[in-house]
Amino acid sequence: MGCCSGRCMLIFLCTLQVMTALERQAFDFLGYQWAPIMVNFLQIIMVILGLFGTIQYRPRYVVLYLLWTLLWVAWNVFVCCFYLDLGGLSKESDLLSLGVSSHLSWWKDNGPGCDDRDLPATRWQSLESPELIYALGCWLEYQYIEVLHCIIQLLISLLGFVYACYMVSTFTEEEDSFNFIGGVHYPSKTSPLYL
């Protein structure tokens, strides 16, 4: 794998990350999920910095992207645990809305296939909880949609992490072998007699 193909792949992955983060940002805004909105905003900024570092051969920006990717992976694992009610977390809490509102995921009311209009009114009244209606007509429950978003982000991030590590090592090798005065510098080997 050459430097050019690794660089192109990282540019593609960063662009894909920005697009998926913007999509996620839009749905978090619709659901008034303030903590994810802030973290998504940071994700967009850091990925743009990583993209800039890749295009402009700036390893420090790519390292910043690498460090942020570790935090982004941890955030997505936390969100998965939150929506799957793992580790003492509950998807019904207002943790992601920072207690500002009682809104939950936008997908809870607007998931694919969720349509409560065709249920008769008598059936609605006989249900113990109005929340059960969402499970009746939805193709996929909202928490699984949120988890799928996280899994997509995790897969792209892990690929981006691998390619970013490769690019940082490539950039530093190029810096070490370049002599700013006159050309290529080859490190001299020390003789065993001097040791």
Open item on the list: I want to check something: taking the side chain as every heavy atom from C-beta on, are Trp68 and Leu64 in contact at a cut-off of under 4.5 Å?
Closed with: no
Task: Residue list, ring pair (Phe, Tyr, Trp, His ring centres under 6.0 Å) with Tyr144, at least two apart or on another chain - done: none
- [ ] Over all heavy atoms of both residues, which pair between Cys150 and Arg24 is shortest? Give the atoms and the distance, please.
- [x] SG-NH2, 3.2 Å
- [ ] Measure the spacing between CG of Leu67 and CE of Met46 and express it to the nearest 0.5 Å.
- [x] 9.5 Å
Task: Non-neighbouring partners of Met38 that pass side chain to side chain contact (heavy atoms under 4.5 Å, CB included), sequence neighbours left out - done: Leu98
Open item on the list: Could you report the tightest heavy-atom contact between Gly6 and Tyr163, atom names first, then the distance?
Closed with: O-CD2, 3.9 Å
Open item on the list: I need the full list of salt bridge (Lys or Arg N to Asp or Glu O under 4.0 Å) pairs touching residues 46-66, with sequence neighbours left out, sorted by first then second residue.
Closed with: none
Open item on the list: For the OH atom of Tyr166 and the OG atom of Ser5, what is their distance to the nearest 0.5 Å?
Closed with: 6.0 Å
TODO: Could you list the residues that satisfy ring pair (Phe, Tyr, Trp, His ring centres under 6.0 Å) with Phe82, not counting sequence neighbours?
DONE: none
- [ ] Could you check Tyr83 against Phe78 for side chain to side chain contact (heavy atoms under 4.5 Å, CB included), going step by step and ending with a plain yes or no?
- [x] CA-CA 9 Å; Tyr83 280 110; Phe78 165 75; over 6 Å; no
- [ ] Could you state whether Val63 and Val162 fall into the same hydrophobic cluster, counting links through intermediate Ile, Leu, Val, Met, Phe, Trp or Tyr residues with side-chain heavy atoms under 4.5 angstrom apart?
- [x] no
Task: Shortest non-hydrogen separation from Pro59 to Val168 and the atoms involved - done: O-CG2, 4.2 Å
Open item on the list: Once rounded to the nearest 0.5 Å, what's the spacing between atom CD1 of Ile156 and atom CG of Leu16?
Closed with: 4.0 Å
Open item on the list: Surrounding CZ of Phe12 (heavy atoms of other residues, nucleotides or ligands, distance under 6.0 Å), is the total greater than 12?
Closed with: no
Task: Set of residues satisfying ring pair (Phe, Tyr, Trp, His ring centres under 6.0 Å) with respect to Phe161, sequence neighbours excluded - done: none
Open item on the list: With side chain to side chain contact (heavy atoms under 4.5 Å, CB included) as the criterion, how do Ile37 and Phe41 come out once you've worked through the C-alpha distance, each side chain's angles and the decisive distance to 0.1 Å?
Closed with: CA-CA 6 Å; Ile37 288 168; Phe41 179 74; 5.7 Å; no
Open item on the list: Rounded to the nearest 0.5 Å, what separates atom OG1 in Thr69 from atom CG in Leu159?
Closed with: 11.5 Å
TODO: Calculate, to the nearest 0.5 Å, the distance between atoms CD1 and OG1 belonging to Ile48 and Thr15 respectively.
DONE: 9.5 Å
Task: ILVMFWY clustering at 4.5 Å (side-chain atoms), partners of Leu158 - done: Val73, Val77, Leu154
TODO: Please list, chain by chain and in numerical order, all residues satisfying side-chain hydrogen bond (donor to acceptor under 3.5 Å, both in side chains) with Asp28, sequence neighbours excluded.
DONE: Asn40
Open item on the list: Please enumerate all residues that pass side chain to side chain contact (heavy atoms under 4.5 Å, CB included) together with Ala21, with sequence neighbours excluded.
Closed with: Gln43, Ile44
Open item on the list: Going by the rule side-chain hydrogen bond (donor to acceptor under 3.5 Å, both in side chains), which residues pair with Gln17 if we only count those two or more places apart in sequence or in a different chain?
Closed with: Tyr65, Ser157
- [ ] Only pairs at least two apart or in different chains count here, so list each salt bridge (Lys or Arg N to Asp or Glu O under 4.0 Å) that has a residue in residues 74-85.
- [x] Asp85-Lys91
TODO: Grab the two heavy atoms, one from Leu10 and one from Ala164, that are nearest each other, plus how far apart they are.
DONE: CD2-CA, 3.8 Å
Task: Any donor-acceptor N/O pair, Glu146 side chain to Cys80 backbone, under 3.5 Å - done: no
Task: For Phe27, side chain to side chain contact (heavy atoms under 4.5 Å, CB included) partners two or more places apart - done: Glu23, Leu30, Trp106, Trp107
Open item on the list: Set out, in order, the CA-CA distance, both residues' side-chain angles and the distance that settles side chain to side chain contact (heavy atoms under 4.5 Å, CB included) for Val39 and Trp72, then state yes or no.
Closed with: CA-CA 8 Å; Val39 176; Trp72 181 245; 3.6 Å; yes
Task: side chain to side chain contact (heavy atoms under 4.5 Å, CB included) involving Ile55 - partner list, sequence neighbours excluded - done: Arg7, Ile11, Leu51
Task: Joint cluster assignment, Leu148 & Leu155, ILVMFWY side-chain distance < 4.5 Å - done: yes
